[in-house]
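What follows is a single structure, written as structure tokens, with notes after it.
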Amino acid sequence: MKNTIKKAICLALLVLFVLGSFSLSGCNSKETLYILNWGDYIDPDVIAKFEAEYGVKVHYDTMANNEEMLIKLESSTNIYDLCFPSDYIIEKLIKSDLLREINKDNIPNIKNIDEQFLDLSFDPGNKYSVPYMWGTLGILYNTTMVDEPVDSWGVLFDEKYEGQIYMYDSMRDSIGVALKYLGYSLNTRNEAEVAEARDLLIQQRSIVKAYLGDTIKDAMIGGEGALAVVYSGDAVWCVDPEEGNPDLAYVVPNEGSNLWFDNAIIPKTSKNPELAEKFINFLNDPEIAMQNSQYLGYSTPNKAALALMDESWLENEIYNPPQEVIDRCEIFHDLGEFTAVFSEAWDEIIY
Amino acid sequence: MKRSVFATPYIVWMIMFIVIPMLFILYSAFIKDGQFTLEYVRQAMESPKYMNVLLRSIVIALISTALCLLIGYPVAYILSNMKKSTAAILSMFFILPMWMNFLLRTYAWQVVLADNGVLNMLLTSLGFPKGEFMYTQGAVLLVTVYNFLPFMILPIYTVLSKIDRSHIEAAHDLGANSIKTFFKVVLPLSVPGIISGITMVFIPAITTFAISRLIGGKNVALYGDLIEEKIVSSGSLGLGSVLSIILLVLVIISIFVMHRMEVEQGNEEGGTLW
């Protein structure tokens, strides 16, 4: 008797649990688009406009770095329809056969994208990805604390600035800074070069204030550091006299840096690829692309959007870097098995 | 119908959210491609770095527990000697911040400790030089102690306020002065509260990763940070699982030791809050 009651209660609970989860998902009959993106990487108003125009719901999740996105996409349980990873991650996702070919017939606005951002080495012919934002990695510095002209990564290793330097809490970016300073490629597969970069960064730890993520922006705007490694898009708003701090300046060092592209991709597991394509098309509408790009400060690959912008944006060298800056930058590539060497070096640096 | 039936929801809950996840951890720690492996254990043991991080976590957790005890015991003692109504109002002040999310309170400390933050503004306005507080070990300790102090005060206060006054009166009658009474009577009687407090502070302190992340800026990376990084960013679920198991074993050992100490104190029933 006791056992049957127990079983009955278990069953009742199970039924409740299952029904509960159904009713939660069942109560909205609208189509839902599941997006995974970086934090702070889309104008919320753009999502609202899309929801209103297409009568759908957007479920928006964020992550802190590329590696996290890769892991989420590799897990078989992921439910995302649309993500915005960087170049080398896209390269890896294509290799692992995790991406869905994009049907360009559904994205007529792709014609607005500047050709120099199409057909790049990580996705020849843009079979799997459509450009979203692009930019550089550089040094954001406070001109009231740094007197000398900043044009080299070397300034980040200068003991004069002890306790005033912020590094970016991202493996490829931070090791990349050291590699570039030493004159090596960002995509080196030479263990000795990585070891040299590692030792340089370990030595540098005593003068680094902290390894941070997005919070670097606030710290620098608040005047709490002299030098920081940031992405160009963040720098655009940091140096803005009204929104940021007018004492700040951004430079892409002479040794070269990382030129990166974040593209929209549709995972193979997506249950609603057509809706994802609609969203990509919507993002590439000139007005929307301009609004989104100006809200974020990140550069748009959309030339129709650029054509709508006023001079101040086009003359902003952080937002719209001159060709010579682009020429000295390098794009990340997937390192395959060699990533483990980077991870080990990163462990040594951080822990 | 036996009353144990009412425990069924709890048992189902335990199985779904504690036992099954634990099995998942064990599985990913020791199984690779369907085969038993010790590779992740080797990885976890091989690197002296990981052991250093574990040591750092233990040291920080021990120091914060000691600080909590040093600050918390006198507070609990003073509270327990107050009028019940006054003590109730005062202890509200310790409980009140706990109504707010722990992460929010930690973020608030960022504002207080920043270079141009509240604390430095206060210091400079009083004519002191500015200090650097954020991203230091001291700051991580401070915020850990701040967050977990109530968990030390409350169990000790509960035990102290339950001590039979007649014990203390008897000690005085037999000629013991206040200091002697405290060390011979009050302190031994409050040991269950102390042990309970230590457990409640030490375990969350040794497993924390949010505080070191937000306040330490990777300068004070703890074992929790390491596990989080291995699973979330490096995708080494196996290594992350082994590291979690190491931490779990450590926690179980410390609970066991604490329990033994309590049993030796003659309190067979176990801690006040356990």
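Note: B:Ser234 OG to A:Glu68 CD = 11.0 Å, rounded to the nearest 0.5 Å. Separating the CD atom in B:Glu229 from the OG atom in A:Ser343 is a distance of 7.5 Å, to the nearest 0.5 Å. Within the model, atoms OH of A:Tyr351 and CG of B:Asn52 stand 13.0 Å from one another, a figure rounded to the nearest 0.5 Å. The CE atom of A:Met171 sits 9.5 Å away from the OG atom of B:Ser233 when rounded to the nearest 0.5 Å. With values rounded to the nearest 0.5 angstrom, A:Tyr166 atom OH is found 5.0 Å from B:Tyr135 atom OH.
Residues A:Met63 and B:Val232 have side chains not in contact (no heavy-atom distance under 4.5 Å, counting atoms from C-beta outward). By the 4.5 Å heavy-atom criterion applied to side chains, A:Glu344 and B:Lys49 are not counted as neighbours. Using a 4.5 Å heavy-atom threshold, the side chains of A:Lys209 and B:Asp115 count as touching.
Ranked by non-hydrogen atom pairs under 4.5 Å with chain A, the options B:Asp225, B:Leu222, B:Leu214, B:Leu226 are led by B:Leu226. Among the candidates A:Ile350, A:Asn66, A:Asn65, A:Asp169, the residue making the largest number of heavy-atom pairs closer than 4.5 Å to chain B is A:Asp169.
Scanning both residues, B:Ala114 and A:Glu224, for their nearest heavy atoms gives CB-OE2, 3.2 Å. Annotation for A:Leu212 and B:Gly217: closest pair CD2-CA, 3.9 Å, computed over non-hydrogen atoms. In terms of heavy-atom proximity, B:Ile231 sits nearest to A:Ile71 at O-CD1, 4.0 Å.
For B:Phe128, the CZ atom is loosely surrounded, since the number of other residues' heavy atoms within 6.0 Å does not exceed 12. Atom CZ of B:Phe24 is surrounded by 12 or fewer heavy atoms from other residues, nucleotides or ligands within 6.0 Å. Around atom CE of B:Met98, more than 12 heavy atoms belonging to other residues, nucleotides or ligands sit under 6.0 Å away. The neighbour count for A:Glu191 CD, taken as heavy atoms of other residues, nucleotides or ligands under 6.0 Å away, does not exceed 12.
A:Glu74 does not touch chain B: none of its heavy atoms, backbone or side chain, sits under 4.5 Å away.
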query = Does the pair A:Asp347 and B:Tyr50 meet the rule for a side-chain hydrogen bond (donor to acceptor under 3.5 Å, both in side chains), with working shown?
reply = CA-CA 9 Å; A:Asp347 267 359; B:Tyr50 299 159; 2.5 Å; yes
